[in-house]
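Okay, structure first, notes after.
Just so it is clear, the values below take in all heavy atoms, side chains as well, and ignore hydrogens, waters and symmetry mates.
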Amino acid sequence: TPYETFIPGLLDPGDVKLKINYLSELYTHQLLWTTGQGRIKRKYRSYEPNNGEIQEFNAYVMEMSKKYPTDDAITSDITIGVTGGYTKIQ
């Protein structure tokens, strides 16, 4: 079945959610879109500006919606599903 099966004892690393001003000409935005469409696992990094901590993790783009307002920037709400946990690298 296409449903996820939960196994007791395994930890769920959760999701990373972000909102961006989507610019189709930027390679990183194109990469997010194509990896989401292809369900491709990639390595990501997150940066915590308050303490400078950097974490690395593998994840899938689970959702990436685009909004096209008539009088403002194109935005995208993105949900990245983390798989396998986080590794602190700094």
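With contacts defined as side-chain heavy-atom distances shorter than 4.5 Å, the pair Lys66/Trp33 qualifies. At least one side-chain heavy atom of Lys43 sits under 4.5 Å from a side-chain heavy atom of Glu56. Between Val16 and Tyr86 there is a side-chain heavy-atom pair separated by less than 4.5 Å. Residues Glu53 and Lys88 meet the side-chain proximity criterion, which asks for heavy atoms closer than 4.5 Å. Looking at heavy atoms from C-beta onward, Ile20 lies in side-chain contact with Ile78 at the 4.5 angstrom threshold. A 4.5 Å side-chain heavy-atom check between Ile80 and Tyr44 finds at least one atom pair inside the cut-off.
The structure places CD of Gln30 at 10.5 Å from CG of Leu23, a figure rounded to the nearest 0.5 Å. To the nearest 0.5 Å, the span separating CE on Met64 from NE2 on His29 amounts to 7.0 Å. Remark: Lys41 NZ to Thr35 OG1 distance equals 13.0 Å, nearest 0.5 Å. The CD1 atom of Ile54 lies 10.0 Å from the CG atom of Asn51; values are rounded to the nearest 0.5 Å.
Panel note: side chain Thr75, backbone Asn21; no donor-acceptor pair is recorded below 3.5 Å. Checked by atom type and distance alone, the side chain of Arg39 pairs as donor or acceptor with a backbone atom of Val61 at under 3.5 Å.
Contacts classified as salt bridge (charged side-chain N to carboxylate O under 4.0 Å, His left out) and involving residues 69-86 (residues at least two apart or in different chains) are given here: Lys67-Asp77.
Other residues, nucleotides and ligands contribute only 12 or fewer heavy atoms inside 6.0 Å of the CG atom of Leu11.
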